[in-house]
Amino acid sequence: MRCHDRAVLLYEYVGKRIVDLQHTEVPDAYRGRGIAKHLAKAALDFVVEEDLKAHLTCWYIQKYVKENPLPQYLERLQP
């Protein structure tokens with residue numbers, strides 16, 4: 001899916017309480033402004049608030065977790 005006018009975070013529930021965070025995309029005109037970081041944080045905070053597990057297919061969210069290794073994120077990661 002390509003969407004040129006808005007930032008997106010694609011996800012899919014792959015189990016009853018497991019969400020796969022698959023892809024982030026920010027339009028070229030808006031890159032470098034921290035938008036993907038906000039998407040990643042919002043998705044991970046949602047996982048925490050809803051007491052879900054997360055599988056991180058998206059390389060950017062994987063990078064975000066490495067840079068922000070908060071216990072509440074790390075304990076909810078699925079391999």
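Of all non-hydrogen atoms in P69 and L74, the two that sit nearest each other are O-CD1, 3.4 Å. Across all non-hydrogen atoms, the minimal contact from V26 to A7 is CG2-CB, 4.2 Å. Nearest heavy atoms, A40 versus Y60: CB-CE2, 4.2 Å. The two atoms that bring Q78 and H55 nearest to each other are O-ND1, 3.7 Å, heavy atoms only.
Residues satisfying the salt bridge (charged side-chain N to carboxylate O under 4.0 Å, His left out) criterion with E50, sequence neighbours excluded, are absent altogether. Considering only residues two or more places apart in sequence or on other chains, E12 meets the side chain to side chain donor-acceptor pair (under 3.5 Å) condition with Q22. For Q62, the side chain to side chain contact (heavy atoms under 4.5 Å, CB included) partners two or more places apart in sequence, or in a different chain, are L56. Residues passing the salt bridge (charged side-chain N to carboxylate O under 4.0 Å, His left out) test with K63 are E67, sequence neighbours excluded. Remark: Y73 engages D45 in a side chain to side chain donor-acceptor pair (under 3.5 Å) (not counting sequence neighbours).
No continuous path of ILVMFWY side-chain contacts below 4.5 Å connects V14 to I61, so the two sit in separate hydrophobic clusters. Tracing side-chain contacts under 4.5 Å through hydrophobic residues (I, L, V, M, F, W, Y), one never reaches L10 starting from V65; they form parts of separate clusters. By the rule that hydrophobic residues join a cluster once side-chain heavy atoms approach within less than 4.5 Å of another member, V48 and V19 end up as members of one cluster. One hydrophobic cluster holds both L39 and L70 under the rule that ILVMFWY side chains link at heavy-atom gaps under 4.5 Å.
Pairs of residues two or more places apart, or lying in two chains, that qualify as salt bridge (charged side-chain N to carboxylate O under 4.0 Å, His left out) and include a residue from residues 70-79 are D51-R76.
Expressed to the nearest 0.5 Å, how far CD of E25 lies from CZ of R31 amounts to 6.5 Å. The structure places OH of Y11 at 10.5 Å from CG of L52, a figure rounded to the nearest 0.5 Å.
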Test L21 against L44 for side-chain contact (heavy atoms from CB on, under 4.5 Å), laying out the working first. CA-CA 9 Å; L21 303 177; L44 291 163; 4.1 Å; yes
